[in-house]
Novice: 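I'd like to ask some things about the structure below.
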Amino acid sequence: MSPAPLRARVTQEVAEVIATKRVGAYQHLTLVAPGVAELARPGQFVALAVGGETSGTLLRRSFSIHKVSPSGTYGGTVEIVVSAVGAGTRWIVERVPHDTIDVVGPLGKAFPLPTEAVPCVLVGGGYGSAPLFWLASELRERGCHVEMVLGAASEDRLFGVVEARRSCDGVTVTTDDGSAGQQGWVSDVLPGIIGRTGAGVVYGCGPMGMLGSITRIAEAHGAVAQVAVEEAMACGVGVCMTCVMPVVGGDGRTRMVRSCVEGPVFRGDRVRWDAFDGGRARVPDDAVGAPKVGGH
Amino acid sequence: MSPAPLRARVTQEVAEVIATKRVGAYQHLTLVAPGVAELARPGQFVALAVGGETSGTLLRRSFSIHKVSPSGTYGGTVEIVVSAVGAGTRWIVERVPHDTIDVVGPLGKAFPLPTEAVPCVLVGGGYGSAPLFWLASELRERGCHVEMVLGAASEDRLFGVVEARRSCDGVTVTTDDGSAGQQGWVSDVLPGIIGRTGAGVVYGCGPMGMLGSITRIAEAHGAVAQVAVEEAMACGVGVCMTCVMPVVGGDGRTRMVRSCVEGPVFRGDRVRWDAFDGGRARVPDDAVGAPKVGGH
Amino acid sequence: MTTTHDTTRHPVAPTATVDMAVDLGGGHRLPNPLMTASGCAANGRELHRFFDVADLGAFVTKSVMADPRSGRGTPRMAETPSGMLNSIGLQGPGIAAFVDDDLPWLHSVGARVLPSIAGGSSTEYAHVAATLRASRAFDAVIGVEVNISCPNVANRGLVFACDPMASAKVVALVREQLPRNIPVFAKLSPDVTDITAIAAACVKAGADGLTMINTLLGMSIDTDRMQPHLGGVTGGLSGPGIRPVAVRAVWQVRQAMFEGRIPTVPIIGVGGVRTGRDALELVAAGASAIQVGTAVFNDPSAPVRVLAELTELLGERGYARFTDAVGAAHGRGRP
Amino acid sequence: MTTTHDTTRHPVAPTATVDMAVDLGGGHRLPNPLMTASGCAANGRELHRFFDVADLGAFVTKSVMADPRSGRGTPRMAETPSGMLNSIGLQGPGIAAFVDDDLPWLHSVGARVLPSIAGGSSTEYAHVAATLRASRAFDAVIGVEVNISCPNVANRGLVFACDPMASAKVVALVREQLPRNIPVFAKLSPDVTDITAIAAACVKAGADGLTMINTLLGMSIDTDRMQPHLGGVTGGLSGPGIRPVAVRAVWQVRQAMFEGRIPTVPIIGVGGVRTGRDALELVAAGASAIQVGTAVFNDPSAPVRVLAELTELLGERGYARFTDAVGAAHGRGRP
Ligand SMILES: Cc1cc2nc3c(=O)[nH]c(=O)nc-3n(C[C@H](O)[C@H](O)[C@H](O)COP(=O)(O)OP(=O)(O)OC[C@H]3O[C@@H](n4cnc5c(N)ncnc54)[C@H](O)[C@@H]3O)c2cc1C
Ligand SMILES: Cc1cc2nc3c(=O)[nH]c(=O)nc-3n(C[C@H](O)[C@H](O)[C@H](O)COP(=O)(O)OP(=O)(O)OC[C@H]3O[C@@H](n4cnc5c(N)ncnc54)[C@H](O)[C@@H]3O)c2cc1C
Ligand SMILES: Cc1cc2nc3c(=O)[nH]c(=O)nc-3n(C[C@H](O)[C@H](O)[C@H](O)COP(=O)(O)O)c2cc1C
Ligand SMILES: Cc1cc2nc3c(=O)[nH]c(=O)nc-3n(C[C@H](O)[C@H](O)[C@H](O)COP(=O)(O)O)c2cc1C
Ligand code: FES
Ligand code: FES
C-alpha cells in the first residue's frame, strides 16, 4: 500500500457548472475546476460553498469526486453525484449550467492502491459508489481483477450500474426492496464474492453501518478493508476538529482523528466501530486524552 | 383630496419574473402578481423577500410600484424599477425570467388625487420617477394639466424620460453634471414651472433633501406638496415601528408616525423637515411622548 | 453513516389528530401554543389583514408603559446576518389609549390577548397592570407578560432583568395588581451570566410563567460614516441567528425545574423561530408555547404558518398531544 | 433620502499608502492587524497550504492545556443560521507536544505566534505558560492569549470568564510566568451580565490586552431524534450571526477605557468577521487587531482576504494608518 501524503496540494477555485443531469434519485454535476482535476486521486473529495452573497449557510458541503478529466474543451472538469437531503444539497442540485460554485479540493487521503496485482472487491452503498469507478480503472490498469458490489434501498438509489459493468470484471447488485438485482444487503453477497475471487482488498464507500460490516467480513476472509467514511464536517480542511472519529494508530493507541485530513479513507480494522451508535461516536475510554472519571 | 384608507387590502404572493431589462443604471422587472396588480394605486409599494431557503437576509426590500397591468397573458403584472445598492437589491436584479420572488403588497397610502382638475407638477429624483407615470395618466384622465420634472446625478440615473414625454403635457430634465437636460437641480427649475402652469399640487418622489425643497418651493407658490418618502423599513406592513418619521397631525401635534402605513405619501407641509439630518431623524422636543430632559 | 442529521423520513401520519391545546395557567385553554412576540406584531389590526388574529393561541401586544412615548430617533434598525438590530425605544400610546382602543379591538375580533407591560420603575409597572385590570375589555386577557428588559430609572438605567432583586420586585408588584386567574409571565433577558438565577427570583416573587428570551444587546457600525448605525447606539439583536441562545436558555431553565432548583411553571419560548422545525426545537427544550417575532417581518403570516408546520411535524413524530412534546429532549417524557 | 445606509461611493484612493502595522505591546511590531482565531485554524500547517501564515499579523493557535485531550464525542457541530455551534472539548496534544512540534514549525515558516492557553485550574494555566516560556521556539511568540472560557474544576465547572475573581487569578498567575515583553491577552466570554466588570478585573490583574469575544453558549435540538444535537449538549455559537454582540462588547469596553473606568489596553476583536467591512466595524468600535474564526471554514484564505479588503476600505476612507481608525466610531479620533 502506498498511502497518499497527509497534506497534499489543494486549490480553491470558482467553478462553472457545465452540465447537470438527474440520475435516479441523484443529481450528477460537472464542474470546470482545472486545479482540482489536475491534483485529485480516487477517494478524495471536494468541499463546496453554498448559497450566494446573501447566504446564511456558512459551512461547505463535502462530496466524493466521482471523476476528473484533467483537460478538455472547457479545461479540466470534476464530476460529483449529489443526493439532496438538506438546504445545502438542495441549493447545489438547483444550479443550472453557467452558474458558479466555489470549490475547495482535492481534500483528504485517496484510496491506497495495492503494490501488487491482487484481486479487489469494491463495495458502494447508494451514492457511495460515486468514487469507485475511477478507482476500478486504476486498479485494472495495475492488473488487478476488480469486482463491484452496488447496494441501495431501492433501484433509484443505485448509482452507476451501467458504468460498473463497463469498468469492472464483475458486478453484483443488491437492493433492500428487491427492485433491482438481488434482494438484500451487500453484506449478504460479499462473503461469496471475496471467497470466489480470493480478494486481497475490499474497498468500501457508503453508510457507516455498511462500512463496519464490510470490515468484519473482509477480516473474516483475510482481506484488508479500505473504507471511505462520511462524518459531519465544518471545514473539510483540517482546522476545526469537528469531523473526528476514534481510530487506532500505528502505536496501537486510539485517537480521535480528523476524517477530513487523515481520512476519509481508513483501513477498516483501524476504526473503532464499537464506539459508534446511532450517528454518534463516543470517545473510547482507552483513547489518548480521554476524559478521566470525574475529570473533564 | 381623497386619501386612501389607512388599512387597505393587501396580499402576499409568490410572483414569477417574466421580464427583466436594464434601463440606464437601473433594472426594470415585471412580476406576475395578480393580487397586487388588482388592488394597487399609484404611490403604493411592494415589499420583496430576498434570497432563497439559505438566505441570511430576513428583511423585505421595498419598491414603488411603477406600473400594474391587472390582466394579460400571464395574469396581472406589477412592474418595479430597482437600483442595485446592496446585497438585497443585487440579488433582485440578478433574477432571470421564470425565477420567483415572494411579494407583499400593495402597501402604504397612495398619492391622493385632487377632486378638481387643477394643474399638477410631478417631480422625480432618480428612480423616484418610477411611480409618477401611472400617477400622471390618472391625473390627466381627471382633466389635470400635468408637467413632469425628472432630475438625477447623471443621464444614466434618469428614469423614464421617453415615457414622461408620452404621458405628460410637459417635461423638464435636469442632471447635476449636465449630461442630459439642464445642468442643475430640480429645485432650480421647479419655481418657474409652478409659476407658468399655476400648479395647485406638486407631487414628489426621490431623495429626502429633494422632497424638503419641493415642499418649500410649493409652499412659497401656494401649492400643496404631496411627497413619497423612503425610510428604512424592516417590515413594510406596520408592525415593527422602525420606519417612523416626525409628522404633524390634524391636531397640530407632532408624532413619530410609521411611513409604511401612514405614508409613504405625506403632505409635504406636515413633515418636520427640521428634524432630519444626514440620514437620521431626531425626535423633535415637542413631539408627543418625546423624552423629557433627564428622562427616558 | 455518522452524520449530524438524521435524514430518515418519518411516515406521514394524519395530522388532524394532534391536539394542539395548551393551558398556561388561570384555566384559560388556548387552542394552540402559537403567539406573536411583543413589539413584532403591533397591536393586531395590521396582521389581521393577513390572517385572523383569533386563530393564534394568544396575541402578544407591544410593551405598553404608563404614558405615550415617542420612542427613539432613526435609524431604528439595522439588518444583520440572519437577524436584525432594533432600537425602537418602546414607542407607544400609553396604557390609557391601549385599554381604550387596542384591547377592545382585539376583544371585538375574538383574540385571546397576552398584553406586555413595561415601566421605568416598579411602581410604573404596577400602575400599568392596575389600569389594565380595570379596563372594560379585560375579558380578552389570558395573562400578562412583564417585559423586565427595561432600564430601571432608579438604578442608573440598569435593566431590571439583569438584577434578580429588581426583577423580583417588579414581578411581585404586578402580581398583586392582577386577579389570580391571570397568570403573570416574566420575560427574561439572555444578557446575564446565569439566567436560571433570574428565573428563580421571578418565580419566587410570584411569576406564574416565564417568557424567554428577549433580544441580545448588540450593535452595528455604519462603516461609511464610521459611526454607530442606530440612533440609539446599541440595539436588540433578534432573528434566526439567536435561536441557539433561546434554545439553550429554555433548556437550562427547564432543566433547573426538572432538578427541583426552580418550581415548575410554563415557559413561553421565543427567539429566532421562523419555521415549525424551529418551534419544535424550543418545545423539545421545554417551551409550552411559542412566540414568533422577527420572522413576521419576513412573512407576515409566519405565526399561523409555523402553527401548521409544527402540527404536521408533531403528527409525523406520532404525538397525539402537543403537550407530550414539551421538554421531550430532556428524555424524561412529559414535564 | 433618509436611510440607514449611506450608499455614497467614496473616491478610491491608492491603497498601498495605508500603513497597516500595529504594536499590541512588548515592542513586537506586527505588519498588520489580521490574525486567525483560536480553534479555527489548528496550528498552522493546514492553512499554510492556502496562504503563507507568515503574512498574517499573528497566528493564534488552538487553546492548549497541560495534557493531551481527546475532546468530546460527536456530533461536535451543528450549522445554525449564519453561524454554527461547536463542542470540541478542547481536543489537543498537550503543551509538551505543542512546544516540541507545532511552535517550532510555526517558527520555521516565520510566523508570529499568539499561542492560546487553557486550563481547568489557575495552576494548570500557570504550568502551561511556564512550559511555553521555557520552549526553544519561544522567539516566535509575540504574546499569549489566555482562554478563560474554560470550566473551573474547583468551582463546579463554572467558567472562569464568568467570575471576575477567578478570571483575575488566572491572569495574574499567567502574567507572573512570562517575560514583560510578552503581552498577555485575556479572552473574554460574552455570556456575562457586565463584560466591562470582567475586563476591568483582568486588566487590574495584569492583562496587557483583551480579546473579545469567545463564543456564546447555545444549543440546538435534533428534531428528528428529539434530543440535543451535539454530543456535548450545549455548544459555542460563532459566525456572522454573533457579530453584533462582538461589536457591542468591544464598543462597551473601549468606551469604559475612554471614560477612565478601565486602563487603556489594546483590544483584539473577534466574532463573526467574514469581510473587510465586518473587520472595520470592530476596528471602528475599538479593536486594534482582528481575528477571523468561523469564516475560515467557509473560505480557508479568509484572514488574508479580509486583510486586503480592510486595507482597501481604509484607503477609500482616507486613512493613512490603520491605527487612526481604531475606535473611530466613538468620535474621539485616535484612542
Ligand atoms: C467525505 C465526504 C464525502 C461525501 N460525498 C458525498 C457524495 O458524493 N454525494 C452526496 O450526496 N453526499 C456526500 N456526502 C454527504 C454530504 O456532504 C451531505 O449530505 C451534505 O453535507 C448535507 O448538506 P445539506 O445542507 O443538504 O444538509 P443539512 O442537514 O442542512 O446540513 C447541515 C450541516 O451538516 C453537515 N452534514 C449533514 N449531513 C452530512 C453528511 N452526511 N456528511 C457530512 N456532513 C453532513 C453539512 O455539511 C452541514 O454543515 C459526503 C460527505 C463527506 C464527509
Ligand atoms: C417606500 C419605498 C419605496 C422604494 N422604492 C424604490 C424603488 O422604486 N426603487 C429602488 O431601487 N429602491 C426603492 N426603495 C429603496 C430600496 O428599498 C432600498 O434601496 C433597498 O431596501 C436596499 O436594500 P439592499 O439590500 O440593496 O441594501 P442594504 O443596504 O444591504 O439593506 C440593508 C437594510 O436596510 C434597508 N434599506 C437600505 N436602504 C434603504 C432605503 N433606501 N430604503 C428603505 N430601506 C433601506 C434594507 O431594506 C435592508 O433592510 C424604496 C424604499 C422605500 C421605503
Ligand atoms: C422591532 C422589535 C421590537 C420589539 N419590541 C419589544 C417590546 O416592546 N417588548 C418586548 O418584550 N420585546 C420586544 N421585542 C423582542 C421580541 O418580542 C422577541 O423577544 C425577540 O425579538 C426575539 O424573538 P425573534 O427572534 O422571534 O424576534 C422586540 C423585537 C423587535 C425585533
Ligand atoms: C470550532 C471552533 C473551535 C474553537 N476553539 C477555541 C479554542 O480552543 N479557544 C478559544 O479561545 N476559542 C475557540 N473558539 C472561539 C473562536 O476563537 C472565536 O472566539 C469565536 O468563534 C468567535 O469568532 P468567529 O465568529 O469569527 O468564529 C472556537 C471556535 C470554533 C468555531
Ligand atoms: S472538517 Fe474541520 S477538521 Fe475535519
Ligand atoms: S416598516 Fe415596520 S412599521 Fe413600518
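Here the structure is a predicted model, which means the values were calculated and not measured. Quick note on labels: first sequence line is chain A, next is B, and so on, each numbered from 1.
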Novice: Who are the side chain to side chain contact (heavy atoms under 4.5 Å, CB included) partners of D:Asp100, not counting sequence neighbours?
Specialist: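 Partners of D:Asp100 under the side chain to side chain contact (heavy atoms under 4.5 Å, CB included) test: none.
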Novice: Flag the one option from A:Pro284, A:Cys240, A:Pro246 with the top tally of heavy-atom pairs under 4.5 Å to chain D.
Specialist: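 Max contact count across the listed options: A:Cys240.
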Novice: According to salt bridge (Lys or Arg N to Asp or Glu O under 4.0 Å), does anything in residues 293-306 of chain D pair up with another residue at least two apart or in another chain? List the pairs.
Specialist: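 Every salt bridge (Lys or Arg N to Asp or Glu O under 4.0 Å) pair that includes a residue of residues 293-306 of chain D, provided the two are not neighbours, is D:Asp299-D:Arg305, D:Arg305-D:Glu309.
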Novice: Could you tell me whether D:Glu79 and A:Arg61 make a salt bridge, using a distance below 4.0 angstrom between a side-chain N and a carboxylate O?
Specialist: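 Yes.
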Novice: Start with the C-alpha gap between A:Asp176 and A:Arg157, add the side-chain angles, then the distance that decides, and say whether salt bridge (Lys or Arg N to Asp or Glu O under 4.0 Å) holds.
Specialist: CA-CA 11 Å; A:Asp176 300 2; A:Arg157 310 216 133 250; over 6 Å; no
Novice: With only heavy atoms counted, which part of A:Leu48 is less than 4.5 Å from chain D, the side chain, the backbone, both or neither?
Specialist: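 Contact with chain D is absent: no heavy atom of A:Leu48 under 4.5 Å.
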Novice: Examine whether an atom of D:Arg72 lies under 4.5 Å from a heavy atom of chain A, and if so say whether it belongs to the side chain, the backbone or both; otherwise answer neither.
Specialist: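 For D:Arg72, the contact with chain A is made by the backbone alone.
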Novice: Heavy-atom distance under 4.5 Å to chain A: side chain of D:Thr294, backbone, both or neither?
Specialist: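 Both parts, heavy atoms under 4.5 Å.
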Novice: Would you mind telling me which of A:Thr254, A:Val288, A:Asp102, A:Val50 has the largest number of heavy-atom pairs within less than 4.5 Å of chain D?
Specialist: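 Heavy-atom pairs under 4.5 Å are most numerous for A:Val288.
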Novice: Using a strict cut-off of less than 4.0 Å between a Lys/Arg side-chain nitrogen and an Asp/Glu carboxylate oxygen, indicate whether A:Arg280 and D:Asp222 qualify as a salt bridge.
Specialist: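 Salt bridge flag = no for D:Asp222 with A:Arg280.
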Novice: Which region of A:Val237, side chain (C-beta onward) or backbone (N, CA, C, O), has a non-hydrogen atom less than 4.5 Å from a non-hydrogen atom of chain D, or is it both or neither?
Specialist: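 For A:Val237, heavy atoms of backbone and side chain both lie under 4.5 Å from chain D.
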Novice: Can you tell which part of D:Pro81 gets under 4.5 Å to a heavy atom of chain A, answering side chain, backbone, both or neither?
Specialist: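 The backbone, not the side chain.
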Novice: Check whether the side chains of D:Ser63 and D:Ser38 place a donor and an acceptor atom closer than 3.5 Å, and report yes or no.
Specialist: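 Yes, D:Ser38 and D:Ser63 have a side-chain donor paired with an acceptor closer than 3.5 Å.
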Novice: Which atoms of A:Met233 are under 4.5 Å from chain D, going by heavy atoms: the side chain, the backbone, both sets, or neither?
Specialist: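 Contact with chain D involves the backbone of A:Met233 alone.
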